[in-house]
Amino acid sequence: MSIISDSLKRIKPSPTIAVSQKAKELKAAGKDVIGLGAGEPDFDTPENIKNAAIKAIKGGDTKYTTVDGTNALKEAIVKKFKRENNINYTVDQITVGAGGKHVIYNLMMATLNKGDEVIIPAPYWVSYPDIVLLAGANPVVIECSEEQGFKLSAKDLESKINNNTKWVILNSPSNPTGACYSEQEIKNLSQVLKRNPHVNILSDDIYEHITYDGFKFFTIAQIPEIKNKVVTMNGVSKSYAMTGWRIGYAAGDKEIIKAIAKIQSQSTTNPSSISQAAAVEALNGKQDFISVRAKAFQERRDFVVNSLNAIEGINCIKPNGAFYVFPSCKGLIGKKDKNGKKITSDTDFVESLLENNEVAVVQGSAFGLEGFFRISYATSMDKLQEAMKRIKLFCESLN
Ligand SMILES: *Cc1c(COP(=O)(O)O)cnc(C)c1O
């Protein structure tokens, strides 16, 4: 008998690990690999936020806090929702965890039973289906094509809802595609959800502040008739370049928020007191660097999208947010690389690109949509320029 639990056996190790493992091996062997696989900003945490953490350490802010977040941080989050999204929450509708991923994990553990279904539009963030499986429920994946801009339509959503549907997960701007839902698109989805009041909505807004071309961010909890069915997840990792600090939060129904605190009270207890103090400064402090950084990301996006579309066999739509693009490599499937290896899938494509031209990207099938790959452009322009040259050379070497 295996010592490993049945619930753990339901999930797979992250498929992105194969690529990053390989990239690490090649780097260790002295190869000059460019990694475009990472899902985090290359910018540093702003100085005022670091200083708030130092002050917290020196001031003795080094003890356990309230399990699901200090009052100061919850109040900063309440203010954030009011200021940026015009949504009213009270402090008892807020929970803070060790990263947005932790909050989603807690939420699913707190609410899912065997047989429950969670609708996940694909391409999806790799963790959603596996968290659902770990909680013992069933992910229901809806493929959203390139023609639809990788976005879920109201019609497709409605067709997958049944009595077992407990959650639908929305993520805009999206990881891995960068796709952003307009206010109208979200309102269209909300019409379906209003007709199905047993369905709850998890809105993952982690890339809220990384948008381009004047895109106006809109989140589903802004719709009053549906707000009490929505849990809005956000965090400081992406907006404030604080991935290592591990602070994420969510707002929603009091009963759910309380259930999350119950899980945390018997598992992780509170997130780091020092990181919480830093997050208070992030949310209450100056916000001016956010638009400066978004502008830098936009320049990189433009460069990457233009470079990719200049390559025969690659097609890349220009998304409005996040720091990813999701180009198609379907035009190159069936060709052979210079070692005579046939490219039969996106996985073959990314493996051969890494072996031959030393650029690490992640295959689309890891995100639930075959025939694409994800590039993270959260890296310097110099590296991006070199990477685009190499991808072009690689694609031209296929025949
Ligand atoms: C990065 C990310 C998160 C959460 O990240 P944390 O560092 O755990 O806060 C959540 N959703 C998506 C889509 C992400 O890319």
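Indexing begins at 1, ligand by ligand and atom by atom, following the structure's order. Here the structure is a predicted model, which means the values were calculated and not measured.
- Protein neighbours of ligand 1 below 4.0 Å, counting non-hydrogen atoms: G99, G100, K101, W125, Y128, N171, N175, D204, I206, Y207, S237, K238, R246.
- Of all heavy-atom pairs spanning V141 and A122, the tightest one is CG1-CB, 3.6 Å.
- By the ring-ring contact (aromatic ring centres under 6.0 Å, His included) test, Y124 is found to be paired with no residue, residues two or more places apart in sequence or in another chain being considered.
- For the salt bridge (charged side-chain N to carboxylate O under 4.0 Å, His left out) test, residues two or more places apart in sequence or in another chain that qualify with K9 are D6.
- Under a 4.0 Å N-O distance rule, the pair R300/D42 qualifies as a salt bridge.
- For an aromatic pair to be called close, the ring centres must be under 6.0 Å apart, and F349 with F394 satisfies this.
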Side chains of residues 24-36: which donor-acceptor pairs under 3.5 Å do they make with residues two or more places apart or in other chains?
unit_1: D32; atom_1: OD2; unit_2: R390; atom_2: NH2; d: 2.6

